[in-house]
Amino acid sequence: MTNSLSIGALESFLIAIAVLFLGHFINSKIDLFKKYNIPEPIVGGLIVAFAITASHFQGISLEFSLPLQNTFMLMFFSTVGLAANYTQLLKGGTKVFLFLAVASFYIIIQNAVGVGLASAMGLDPLLGLIAGSITLSGGHGTGAAWSQTFADAYQLNTLELAMASATFGLIMGGLIGSPIAQRLIQKHKLESEYGAGTNTHDRFPELITYNEREEDKVTAKKVIEILFILLICVTGSKHLSNFVNSFDIAWLKIPDFVYALFIGVFITNICEVTKVKKIDNETVDILGTVSLSLFLAMALMSLKLWNIFDLAIPFLIILTIQTIVLALFSYFITFRVMGSNYDAAVMVGGHCGFGLGATPTAVMNMGSLVSRFGPSPQAFMVVPIVGAFFIDITNLIILQAYISFIG
C-alpha cells in the first residue's frame with residue numbers, strides 16, 4: 001500500500017530553490033562535475049528525484065505542487081525572444097535553417113536506429129519510433145500524443161514506455177551535452193568572440209549572455225519593468241495559444257512557449273525601431289537565468305524515475321545506443337556543418353539537449369558552457385527557435401513517412 005503525501009505550493013517552491021543550492025554545493029565539491037560543466041539543476045534535481053524514488057519503493061509517494069513551473073518556462077523563452085533584436089536576427093538568420101537541416105537529418109537517423117534495433121530484437125518496428133524521435137526529439141508531450149494514436153490505430157499500449165523513454169532522454173541529454181561541447185572547445189582551442197569572464201556587459205551591453213556569474217548593474221525599477229514585459233509575453237502566449245487551438249487544426253497546434261518567444265521578438269524589435277523604450281538587457285539576462293534555473297529544478301525534482309525501471313531490457317539497449325549515436329553525430333557532424341567554431345560547439349551542447357530531451361535541457365547545457373567560456377548569442381537564438389518550433393514540424397513529417405513505410 002502506498003501512502004501519498006502532498007507538498008504544498010510554497011514548500012515545493014522552497015525545495016526547488018534548495019535543489020539549485022544542492023547542485024551548486026555538489027558541483028563545487030566534485031571536480032568531475034565542475035570539470036565537465038554538468039548543470040546544477042541536473043545534479044540537484046536528480047538527487048532529489050532519486051530520494052523520492054527511494055521513498056516510493058518504501059510505500060511513500062511524494063507529490064509536489066508546482067503551479068509556477070510552466071510560468072517560469074514561458075518567462076525564460078520570453079527572454080530568448082527579447083534577446084533577438086533584428087540586428088542579431090540578420091547576423092545569424094541563415095544559421096537557423098542550416099541547423100534545422102542538420103537536426104532534421106538526424107531525426108531520420110534517430111528513427112532508423114530505433115526501428116532497425118527494434119526489428120532486430122523481434123519487437124514491433126513501431127516501438128522503435130517510440131524509442132526514436134517521438135520521445136527523444138519530441139519529449140513527454142509528443143510521446144503521450146503518439147501513444148494515444150498507436151493505441152487507437154494499432155492497439156499498442158505504449159504510454160508507460162513513452163514516458164519512461166522521454167525521462168531517460170531528458171536525463172541523458174542533460175548529462176552528455178556540456179562534456180561533449182567542452183571537449184570540442186578545448187580540443188580546437190575555441191574562444192567566444194566576446195571573451196570569457198563576468199564583465200561582458202561592460203563591453204557589450206546589447207548582449208544577453210545567460211551567464212549566472214555575470215556582474216550586472218540591476219535596479220528594482222528595471223526588474224519591475226522587465227518583469228512586466230515578461231508577464232505580457234506569458235499571458236499573451238496563453239491567450240494566443242487558446243485562440244489558435246480553438247480552430248482545431250493539427251498543424252497549427254504548437255507549444256505555448258513558442259508564442260511567448262515570438263511575442264518577445266515582436267516587443268523587442270518594436271522598441272528597437274521606434275526607440276519608445278530601451279530594453280535593459282542586463283535585467284533580461286538575470287530574469288532569464290533565474291527563470292530557467294527554477295523551471296529546470298522543478299521539472300527534474302518531479303521526475304518519476306521508477307518509470308525508467310519499468311523499461312524492458314531491449315528498450316534500455318535501444319536508448320543507450322541512441323545516446324551514443326547522437327553524441328557521435330553532434331561531435332563529428334553538427335559541429336562541422338555549423339562552422340567548426342565556438343558558436344558551433346555551444347550548439348552541439350544544445351543539439352544533445354533537445355535531440356534526447358527537450359529545448360529547456362538544450363538551453364541549460366548551453367548556459368553551463370557560456371558561464372565558463374563566454375557568450376554565444378547566436379547559439380541562444382538558433383537552438384531555441386529550431387528546437388522549440390521548427391523541429392516539431394519536420395519531426396511530424398518524418399514520423400508520418402516512417403509509419404507509412406512500416407505499415
Side-chain angles (χ1 to χ4, degrees), residues 100-173 176 250-251 253-255 304 307-330 333-334 351-359 361-362 386-407:
L100 174 62
V102 173
S104 300
F105 178 64
Y106 178 71
I107 286 179
I108 297 173
I109 295 174
Q110 193 171 55
N111 285 325
V113 171
V115 170
L117 289 173
S119 299
M121 295 179 185
L123 302 175
D124 190 315
L126 289 173
L127 294 179
L129 297 178
I130 292 291
S133 72
I134 285 179
T135 59
L136 299 182
S137 291
H140 287 83
T142 305
W146 278 99
S147 293
Q148 184 63 48
T149 300
F150 282 3
D152 295 341
Y154 304 102
Q155 289 71 55
L156 288 173
N157 296 317
T158 61
L159 181 60
E160 288 77 13
L161 284 173
M163 294 302 98
S165 297
T167 301
F168 182 95
L170 194 70
I171 295 169
M172 295 309 297
I176 71 169
W251 62 269
K253 293 184 179 179
I254 57 178
K304 293 177 171 56
N307 287 334
I308 293 179
F309 303 138
D310 295 335
L311 279 172
I313 294 299
F315 252 67
L316 278 174
I317 293 172
I318 294 173
L319 292 170
T320 300
I321 293 175
Q322 290 280 30
T323 303
I324 295 170
V325 171
L326 177 56
L328 294 172
F329 182 91
S330 61
I333 306 298
T334 305
H351 194 188
C352 289
F354 81 74
L356 285 174
T359 304
T361 310
V386 172
F389 178 55
F390 290 117
I391 201 65
D392 287 333
I393 298 173
T394 57
N395 191 18
L396 176 63
I397 295 170
I398 293 168
L399 282 169
Q400 293 287 8
Y402 267 92
I403 291 172
S404 300
F405 178 77
I406 293 171

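Numbering starts at 1 and runs along the sequence shown. FYI, side chains are in, hydrogens and waters are out, and symmetry mates aren't considered; it's all heavy atoms of this structure.
The main-chain N or O of Ile391 is found under 3.5 Å from a side-chain atom of Thr394 such that the two form a donor-acceptor pair. In this structure a side-chain-to-backbone donor-acceptor pair under 3.5 Å is present from Thr359 to Gly387. With hydrogens and angles disregarded, no donor-acceptor distance shorter than 3.5 Å links the side chain of Gln110 to the backbone of Leu326. Side chain of Asn395 to backbone of Ile107: no donor-acceptor contact under 3.5 angstrom is found.
In this structure, the separation between CG on Leu356 and OG on Ser133 is 12.0 Å, given to the nearest 0.5 Å. From Leu399, atom CG reaches atom CD1 of Ile108 across 11.0 Å, with rounding to the nearest 0.5 Å.
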Side chains of residues 125-132: which donor-acceptor pairs under 3.5 Å do they make with residues two or more places apart or in other chains?
none

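Applying the side chain to side chain contact (heavy atoms under 4.5 Å, CB included) test to Leu117 and every residue at least two apart in sequence or in another chain returns Val113, Ile318, Ile321. A search for side chain to side chain donor-acceptor pair (under 3.5 Å) contacts involving Ser147 returns Thr158, not counting sequence neighbours. Scored by the side chain to side chain donor-acceptor pair (under 3.5 Å) test, Gln322 finds no partners at all (sequence neighbours excluded). The side chain to side chain contact (heavy atoms under 4.5 Å, CB included) check on Gln155 picks up nothing, with sequence neighbours excluded.
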Evaluate side-chain contact (heavy atoms from CB on, under 4.5 Å) for Leu319 paired with Met172, printing each intermediate quantity in order.
-> CA-CA 10 Å; Leu319 292 170; Met172 295 309 297; over 6 Å; no
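Phe168 places none of its side-chain heavy atoms less than 4.5 Å from the side chain of Leu136. With a 4.5 Å cut-off on side-chain heavy atoms, Val115 and Phe405 do not count as touching. Residues Phe150 and Ile134 form a side-chain contact, since some pair of their non-hydrogen atoms from C-beta on lies under 4.5 Å apart.
Here the closest non-hydrogen pair linking Tyr154 and Ile403 is OH-CG2, 3.1 Å. Residues Thr135 and Ser165 share a closest heavy-atom pair of OG1-CB, 3.5 Å.
Pairs engaging residues 102-129 under the ring-ring contact (aromatic ring centres under 6.0 Å, His included) rule: Tyr106-Phe329, Tyr106-His351 [sequence neighbours left out].
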